Amino acid sequence: MLLLVAVQYVRPQSDSKPAEGFDQIRENIPKGKVETVEYPSKTVGADRKVMIYTPPEFSKDQKYNVLYLLHGIGGDETEWFYHGKLNIILDNLYADNELAPMIVVMPNGRAMKDDSAGENIFDKQKIRAFSDFEQDLLEDLIPFVESSYPVYSGRENRALAGLSMGGGQSLNFGLDNPDTFAWIGAFSPAPNTKPPEKLVPRPGKVIRKLKLLWISCGSEDELLYVSERTHDYLGEKGVPHTYYVEPGQHNFTVWKNNLYQFSRLLFQ
Ligand code: FER
């Protein structure tokens with residue numbers, strides 16, 4: 001007779017704190033580079049800006065994993081750089097030997113010609129462009145990155161993560177495309193996140209494929225319910241994931257720590 005054993009899939013780690021000075025520039029360590037480049041998008045019918053972080057001592061003779069990292073409802077391709085201190089946090093982690101070699105690709109997550117946040121960030125067309133971005137990402141951006149940078153192109157070498165609207169996009173697109181992304185991270189995912197039954201209609205299709213499914217949120221965030229309902233459903237369906245709730249609100253104090261914690265797990 002087959003004996004079913006209850007498995008503890010969820011690993012809450014709500015007590016982890018970032019190291020002192022994790023988001024402060026450290027002198028005398030090798031630094032990565034951040035550049036803005038443009039890629040041709042057939043989806044939008046325009047060249048689109050994307051920020052790309054290449055790690056310290058980046059070399060074309062080596063191959064890298066790729067993290068696609070998405071912004072929130074009021075942001076654009078510069079948000080993780082200006083507000084998230086992405087390059088500082090990752091430079092410091094590289095100096096401490098805590099990261100696998102990866103480049104970080106930070107696109108504009110609104111797939112439309114005028115992709116600025118605009119005056120009304122909740123404008124229907126702008127919100128719609130966040131979901132249209134799935135096609136731009138899969139058909140335009142990823143092929144551009146993989147033909148322009150020395151990167152691995154297997155599913156286990158691609159991660160998709162983001163904050164708030166970008167967290168919703170990461171869950172929606174990542175779980176819809178398990179053959180493309182093996183690593184998924186959602187930081188304070190917004191209400192654009194599909195309802196759980198639509199997000200993971202066939203749990204068996206993702207259970208064995210995911211290397212990491214990470215959902216995190218501040219305990220005081222009004223959008224915590226989105227993370228909670230997703231976490232509850234994944235738990236019921238036995239989908240392995242990490243659920244990380246820390247004291248905090250809907251802001252970069254939480255998201256910088258999320259990046260710090262999540263990035264160390266990638267491609268390991
Ligand atoms: C909403 C509340 C917040 C929503 C989106 C957000 C689409 C996004 C917040 C962010 O990205 O910071 O009702 O609906």
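Remember, it's 1-based here, ligands and their atoms both numbered in the order they're listed. In this text, all values refer to a predicted model and were calculated from it rather than measured experimentally. Numbers here are sequence positions counted from 1.
No side-chain donor-acceptor contact under 3.5 Å links E139 to the backbone of T43. D140 places a side-chain N or O within 3.5 Å of a backbone atom of K42 that can act as its donor or acceptor partner.
In terms of polar-atom proximity, defined here as any N/O pair under 3.5 Å, H250 does make such a contact with ligand 1. By the 3.5 Å distance cut-off applied to N or O atoms, M165 is counted among the residues near ligand 1. Remark: ligand 1 and G74 share no N or O pair separated by less than 3.5 Å (distance only, no angle test).
In this structure, atom 6 (C) of ligand 1 lies nearest to the protein heavy atom A190 CB, 3.8 Å. Counting protein heavy atoms only, atom 13 (O) of ligand 1 is closest to P191 CG, 3.5 Å. Of all protein heavy atoms, the one closest to atom 9 (C) of ligand 1 is S164 OG, 3.0 Å.
Between D114 and K126 there is a salt bridge, since at least one side-chain N of the basic residue sits less than 4.0 Å from a carboxylate O of the acidic one. Salt-bridge annotation for D96 and R26: present, with a side-chain N of the basic residue lying under 4.0 Å from a carboxylate O of the acidic one. Checked for salt-bridge contact, K256 and D23 meet the test: a charged N lies under 4.0 Å from a carboxylate O.
Ring geometry, F187 versus F262: the interplanar angle exceeds 60°, so the pair is classed perpendicular (tilted spans 30 to 60°).
The shortest heavy-atom distance from F122 to ligand 1 is under 4.0 Å.
The contact set between ligand 1 and G72, taken as ligand atoms under 4.0 Å from a residue heavy atom, comprises 11 (O).
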